[in-house]
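Step one of this worksheet: look at the structure below.
Labels below follow one simple rule: chain letters A, B, ... track the order of the sequence lines, proteins then strands, and each chain is numbered from 1.
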2 protein chains.
Amino acid sequence: MSKNLKYISSLLAVDCLIFGFENQMLKVLLIKRKLEPYQNEWSLMGGFLKREESADESASRVLKELTGLDGVFMEQIKTFSKYDRDPTERVISIVYSSLIDVRKFETLLNQEYEARWFKITEVPDLLFDHAEMVIAGRDHLKKKAALQPILFELLAEKFTLPQIQQLYEEVFEANFDKRNFSRKLLASKLLKKLDEKDKSGSKKGAFYYQLDKQTNHYNFNILLNLAYSQL
Amino acid sequence: MSKNLKYISSLLAVDCLIFGFENQMLKVLLIKRKLEPYQNEWSLMGGFLKREESADESASRVLKELTGLDGVFMEQIKTFSKYDRDPTERVISIVYSSLIDVRKFETLLNQEYEARWFKITEVPDLLFDHAEMVIAGRDHLKKKAALQPILFELLAEKFTLPQIQQLYEEVFEANFDKRNFSRKLLASKLLKKLDEKDKSGSKKGAFYYQLDKQTNHYNFNILLNLAYSQL
DNA sequence: ACAAAAGTGTTGTGCATACACCCATGG
DNA sequence: CCATGGGTGTATGCACAACACTTTTGT
């Protein structure tokens with residue numbers, strides 16, 4: 001089949017959309033090549049598939065090689081395959097979305113690139129079709145977060161209710177009533193209240209919560225209607 | 001970059017999951033090769049990407065070439081990329097899901113294959129990883145159908161309330177109360193009642209409805225909670 | 001006249017929303 | 001003591017779920 005010139009073979013790339021939550025803002029991690037080709041162009045973190053690698057494996061490897069992070073929540077979003085998306089040669093890209101705790105990312109391991117967090121609403125011009133990828137990933141995040149409690153992946157182990165509310169407000173571009181929000185979230189039985197307080201945000205301090213790992217029978221549809229006007 | 005042997009290039013395939021609704025049952029269209037290789041193995045309808053084709057274009061073309069159908073609802077689902085998924089050579093497959101009106105599909109245009117509709121719960125053993133694709137597609141259909149009124153794509157132009165309720169029951173593997181179901185569905189303002197009746201299913205006959213194309217401001221979250229216990 | 005499927009209305013309940021005040025603390 | 005942000009309770013309305021009977025017509 002491969003001999004048949006009617007059909008084409010292509011390099012396989014993965015690109016990783018990396019979300020983080022920092023200073024109450026939803027951000028994405030972008031990189032910029034310091035050298036040619038594509039010097040100074042911002043793009044998603046990416047790489048090519050190796051010989052015996054699946055895209056899932058490749059995406060995890062790329063993330064690990066660049067950030068040192070392991071065991072991160074990742075999900076395949078969409079494959080981009082326009083024949084001229086990379087003008088130099090045919091490459092299709094399988095895009096992944098991952099959610100990381102920004103505090104765990106320290107520095108890029110690969111010196112050929114520079115990395116920076118961008119507010120999701122202030123993403124610069126990007127290489128190739130990477131801007132579309134950001135849109136697709138963001139859209140996917142909304143849908144996913146409405147149906148499942150994944151946004152905790154963006155927070156530290158311990159977090160406060162005001163923090164997580166701000167996160168939801170960022171993701172859904174909406175404001176929620178704090179009384180209703182906390183009532184619903186706590187009703188999901190997902191959280192365990194700690195004795196400790198975070199005093200950094202206010203004088204009174206806000207109690208820390210943790211994901212309660214016991215809870216497998218959670219009611220999470222609970223957060224759906226917060227959000228579904230926007231799906 | 002392509003010279004670098006660390007990275008691999010691969011054939012690009014699309015596979016189409018084709019859903020239909022026939023005799024009150026949700027079905028998928030599968031094909032079987034009559035000749036070697038893979039003689040008599042059931043599989044999804046697929047094909048390879050051509051030189052200047054995107055995956056979207058390729059999927060539409062494949063569908064058209066095999067069924068003659070055009071302008072069908074199609075959506076990219078997921079890309080399958082395990083290196084040995086096709087044991088003869090590396091091929092990655094971008095899977096699409098499409099919804100067609102079974103009455104519009106008459107016969108396979110390509111004589112190398114035989115085609116048959118299978119009840120979704122009675123899919124036979126399939127080639128390579130195609131069984132996983134069916135699962136992914138079905139799952140996707142549920143989520144999509146809960147949020148958007150797409151199941152109409154599976155019905156004829158005119159359809160009755162009992163018909164569409166059976167369709168929803170099939171897709172969500174649940175039973176709905178017909179009074180509540182019709183109230184909700186009609187509240188969405190998506191449907192226009194016709195004067196005509198379908199007498200095939202009962203002596204009394206059921207009124208036909210049609211999608212009302214005017215309605216762009218529909219309330220479709222209306223059908224969400226029918227379904228979201230299952231997403 | 002009867003069987004078989006279509007169609008229709010009411011009620012209770014729980015959930016989402018809207019809304020305002022007190023609390024704790026650091027400065 | 002006061003400014004700042006954290007935390008909590010209640011009342012209202014709406015939407016969902018549960019439920020049973022009447023209508024039509026072909027045989």
- Which residues within residues 154-164 of chain B lie with some heavy atom under 4.0 Å of an atom in DNA chain C?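 Going residue by residue through residues 154-164 of chain B, the ones with a heavy atom under 4.0 Å of DNA chain C turn out to be B:P162.
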- Message: Please give me every residue in residues 195-210 of chain B whose heavy atoms get under 4.0 Å of an atom in DNA chain C, ordered by residue number.
- Response: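 Close to the strand are B:G201, B:S202, B:K204, B:G205, B:A206, B:F207.
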- Query: Relative to the 5' end of DNA chain C, which residue comes earlier, B:D177 or B:Q166, by the nucleotide with the nearest heavy atom?
  - Reply: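 Looking at the nearest nucleotide for each, B:Q166 comes out on the 5' side.
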From [atom1] of [X] over to [atom2] of [N], roughly how many Å is that when rounded to an integer?
{"X": "A:K178", "N": "D:dG9", "atom1": "NZ", "atom2": "P", "result": "14 Å"}
{"X": "A:F181", "N": "D:dG7", "atom1": "CZ", "atom2": "P", "result": "13 Å"}
{"X": "B:N175", "N": "D:dA18", "atom1": "CG", "atom2": "P", "result": "12 Å"}
{"X": "A:F176", "N": "C:dA18", "atom1": "CZ", "atom2": "C1'", "result": "15 Å"}
{"X": "A:R183", "N": "D:dT10", "atom1": "CZ", "atom2": "P", "result": "11 Å"}
{"X": "A:K193", "N": "D:dG6", "atom1": "NZ", "atom2": "C1'", "result": "10 Å"}

- Message: I want to verify a distance call: between D:dT8, D:dA20, C:dT17, whose nearest atom is closest to the A:K184 side chain?
- Response: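 Ranking D:dT8, D:dA20, C:dT17 by closest atom to the A:K184 side chain puts C:dT17 first.
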With a 4.5 Å heavy-atom cut-off, do [X] and [Y] have their side chains touching?
{"X": "A:I164", "Y": "A:L151", "answer": "no"}
{"X": "B:S202", "Y": "B:K204", "answer": "yes"}
{"X": "A:V95", "Y": "A:V14", "answer": "no"}

- Query: Quick one: do A:E65 and A:R61 make a salt bridge, cutoff under 4.0 Å?
  - Reply: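 Salt bridge flag = yes for A:R61 with A:E65.
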- Task: Quick one: sort the A:H130 and A:F128 rings into parallel, tilted or perpendicular, breaks at 30° and 60°.
- Result: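 Judged by the thresholds at 30° and 60°, the geometry between A:H130 and A:F128 is perpendicular.
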- Can you label the angle between the A:F181 ring and the A:F176 ring as parallel, tilted or perpendicular, going by 30° and 60°?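 Correct class here is parallel.
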- Distance-only donor-acceptor test, B:R179 side-chain atoms vs D:dT22 base atoms, 3.5 Å: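 Counting by modelled atom types and ignoring angles, no donor-acceptor contact under 3.5 Å is found here.
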- Query: Does a sphere of radius 6.0 Å around NZ in A:K197 hold more than 12 heavy atoms from other residues, nucleotides or ligands, not counting ones at 6.0 Å or beyond?
  - Reply: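 Result for NZ/A:K197: enclosed.
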- Task: Have a look at B:R138 and tell me which of B:E170, B:E132, B:E173 forms a salt bridge (charged side-chain N to carboxylate O under 4.0 Å, His left out) with it.
- Result: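 Exactly one option meets the salt bridge (charged side-chain N to carboxylate O under 4.0 Å, His left out) with B:R138, and it is B:E173.
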- Can a cation-pi geometry be assigned to A:R85 and A:F80, taking NZ or CZ under 6.0 Å from the six-membered ring centre and within 45° of the ring axis?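 Ring-cation test returns no.
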